[in-house]
Amino acid sequence: MSKLDALLITPPSRLEVYQKELANKYAAIEPPVWSSLIAKYLIKRNFNVKILDAEAEFLTHKQTAERIVKENPTLAIYMVYGQQPSASTQCMPGSNKVCNYVNELSNNDIMSIVVGTHASALPRQTLENDPYNFVCQGEGPITIEKLINNIKFSRPSISQIEGLWFKDKKTGEIVGNKRSEMFQNLDENLSGQAWDLLDMSKYKAHNWHTFHDLESRNKYASLQTSLGCPFKCSFCCINAPFERNAIRFWSPKHIIKELEFLVNEHGICNIKIPDEMFVLNPKQVNGICDEILNRGLGDKLNFWAYARIDTLNDDEMLKKMNKSGFKWLGIGIESSSKHVRDGVTKGRFANYDIEKIVKKVRDLGFYVGANYIFGLPDDDESSMRETLDMALNINSEWANFYSAMAYPGSQLYPLAKQKKWRLPDDPGGPGWIGYSQHGYDTLPLRTEKIKASKVLDFRDKAFDEYFKNSKYLDMIKSTFGENTKQHIEEMTNHKIKRRHHDHDVEY
């Protein structure tokens, strides 16, 4: 068999990112969407490709490195993405550990490249400080294809590989080539996910996604239907790998082929649409739903997908979505305050009645996972409390409470640098793991009025107040049954550990 050209690696990060109990029992295990997309791209061009998902196989950093060395690929490709759209940065420490082990075990003989949102946002810093030979700024497929050919055949010239950052062998200077142009025809250029390279039995849905049947969590997949986002929320970094703020779609006919394969070949029913914004283009959404309904798949599926308050106006589209198996909507509300939302350019739905729209969506048959952020730059104790009160009043089936983070690649990152607000990657800070929402070393953004540790404490107390609330638990019992209620009560018995509590400090 020919030498392995490309090994796409999901490094182990869950234990540090979620801490042990959350990681093992409650967190999802996500199929590596970008690895499978790039793998399919390379396979179509006759490369020998494998995927190593250390998260799904519960490998340690050293075990992952040993597997990489054993495979001895022409190029080891570290795919650093997280479960949330902005969660690449927090996964960098795990990837760095693995790459350092590989370099040690292989005497630096295995060429490496890192791909992901974080690497695209900070390519120079990544190449300066981290253990990879190359950094990819951009989506990756073209960069990886040309880099493998350069390593194997010395062509094309390394200076002609779009999206590649490297150190010049003669001068030692860091060089960044021009970005690769974004693919426009996704059906043709990224023609699917390489499901056959993954053991689909190893993946697990978010617990709330299967509140209706917690025993079905292992029948799970993530299916990308678009790339990019046209919005410019300043707390978000998801467009860092892309050339510009835009959204591109796979066709409904392409998507239905992927869906049919998952349902018919793997019996998968719980499907996440990880698109940055799924409920946006009515023509696209209706087209996908029509394909699902035409094949009689609607009753078999349990989707969840992202939406915004201002994209939920088309009631007929929403009814069709629900009939097609879209059971959950993850809705970005962020803050109850128009002033706070305006401060992060999320104020477009200022004139919308948030609670009324969420109620309408639920009345149409959807479950809602509402997303809230505490500690945005204009937040104070009063505005954060108002946001929590709104969440309690909405009483959605799930709620994600986040501390604001100045993720690399977001507009908040240079703002925090300008204001000299402490960031995880500052000298003396916890490093990239500090961008984890649930980590021991979490270090969120401070605001104009509140310290970072106080924001984090408010977030943790808000989680407890919400999920231990009798109104919420009664709603869960009446909607999903006693077993799901007990599951939530067990979950809230676990308290996240935070470093600043153990050391009794504020920052």
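Residue indices begin at 1 and follow the sequence shown.
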Side-chain H-bond candidate by donor/acceptor type, [X] with [Y], under 3.5 Å:
| X | Y | answer |
| --- | --- | --- |
| Trp250 | Gln224 | no |
| Asp275 | Thr225 | yes |
| Thr210 | Asn302 | no |

Main-chain N/O of [Y] paired with [X] side-chain donor or acceptor, under 3.5 Å:
| X | Y | value |
| --- | --- | --- |
| Thr10 | Ala54 | no |
| His61 | Pro12 | yes |
| Arg498 | Gly439 | yes |
| Tyr132 | Asn96 | yes |
| Asn218 | Tyr203 | yes |
| Thr442 | Gly434 | no |
| Asn133 | Ser112 | yes |
| Glu55 | Ser13 | yes |
| Gln437 | Tyr435 | no |
| Asp5 | Asn48 | yes |

Nearest 0.5 Å please: distance from the [atom1] atom of [X] over to the [atom2] atom of [Y].
| X | Y | atom1 | atom2 | value |
| --- | --- | --- | --- | --- |
| Leu75 | Ile110 | CG | CD1 | 10.5 Å |
| Leu198 | Ser35 | CG | OG | 8.0 Å |
| Asp457 | His500 | CG | NE2 | 3.5 Å |
| Arg446 | Ser453 | CZ | OG | 9.5 Å |
| Lys219 | Leu262 | NZ | CG | 13.5 Å |
| Lys152 | Met111 | NZ | CE | 15.5 Å |

Show the numbers, then the answer: is there a side-chain contact (heavy atoms from CB on, under 4.5 Å) between Tyr78 and Val102? CA-CA 12 Å; Tyr78 294 84; Val102 170; 3.5 Å; yes
Close side-chain approach of [X] and [Y], heavy atoms under 4.5 Å:
| X | Y | value |
| --- | --- | --- |
| Leu223 | Gln193 | yes |
| Tyr407 | Ser88 | no |
| Ile273 | Phe326 | yes |
| Ile43 | Leu197 | yes |
| Pro32 | Leu8 | no |
| Met92 | Thr126 | yes |
| Leu415 | Gln411 | no |
| Trp432 | Leu122 | yes |

Does His206 form a side-chain contact (heavy atoms from CB on, under 4.5 Å) with Glu30? I'd like the steps, not just the answer. CA-CA 9 Å; His206 300 266; Glu30 295 271 4; 3.0 Å; yes
Could you walk me through whether Phe134 and Asn150 pass the side-chain contact (heavy atoms from CB on, under 4.5 Å) test, one step at a time? CA-CA 13 Å; Phe134 305 101; Asn150 175 273; 5.9 Å; no
For the residue pair [X] and [Y], categorise the inter-ring angle as parallel (less than 30°), tilted (30 to 60°) or perpendicular (more than 60°).
| X | Y | result |
| --- | --- | --- |
| Trp34 | Tyr81 | parallel |
| Trp304 | Trp208 | perpendicular |
| Tyr18 | His438 | parallel |

Charged tip of Arg308 within 45° of Tyr306 ring normal and under 6.0 Å: no
Does the ring of Phe153 carry Arg155 above it, NZ/CZ under 6.0 angstrom from centre and within 45° of its axis?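 Pair Arg155/Phe153 counts as cation-pi.
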Between Lys454 and Glu506 (salt bridge meaning N to carboxylate O under 4.0 Å), is one present in this structure? yes
Asp53 bridged to Lys202 by N-O distance under 4.0 Å: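 So Asp53 does not pair with Lys202 through a salt bridge.
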Work out which heavy atom in [X] is nearest to a heavy atom in [Y]; give both atom names and the distance.
| X | Y | result |
| --- | --- | --- |
| Ser403 | Leu456 | OG-CD1, 3.6 Å |
| Glu139 | Ile38 | O-CD1, 3.9 Å |
| Ile255 | Ile288 | CD1-CD1, 3.5 Å |
| Ser106 | Val69 | CB-CG2, 4.3 Å |
| Pro430 | Ile433 | O-CG2, 3.6 Å |
| Ser120 | Cys136 | OG-O, 3.7 Å |

Derivation of the side chain to side chain donor-acceptor pair (under 3.5 Å) call for Asp187 and Ser251: CA-CA 7 Å; Asp187 284 15; Ser251 72; 2.5 Å; yes
What about the rings of [X] and [Y], do their centers lie closer together than 6.0 Å?
| X | Y | result |
| --- | --- | --- |
| His487 | Tyr26 | yes |
| Phe467 | Trp398 | yes |
| Phe278 | Phe303 | no |

Just wondering, are more than 12 heavy atoms of other shown residues or ligands nearer than 6.0 Å to [atom1] in [X]?
| X | atom1 | result |
| --- | --- | --- |
| Tyr101 | OH | no |
| Lys178 | NZ | no |
| Lys204 | NZ | yes |

Given the rule in the side-chain contact (heavy atoms from CB on, under 4.5 Å) test, do Asp502 and Tyr440 qualify, once you have shown the distances and angles that lead to the verdict? CA-CA 10 Å; Asp502 288 349; Tyr440 181 66; 2.6 Å; yes
Derivation of the salt bridge (charged side-chain N to carboxylate O under 4.0 Å, His left out) call for Lys417 and Asp425: CA-CA 11 Å; Lys417 292 284 189 183; Asp425 45 307; 3.6 Å; yes
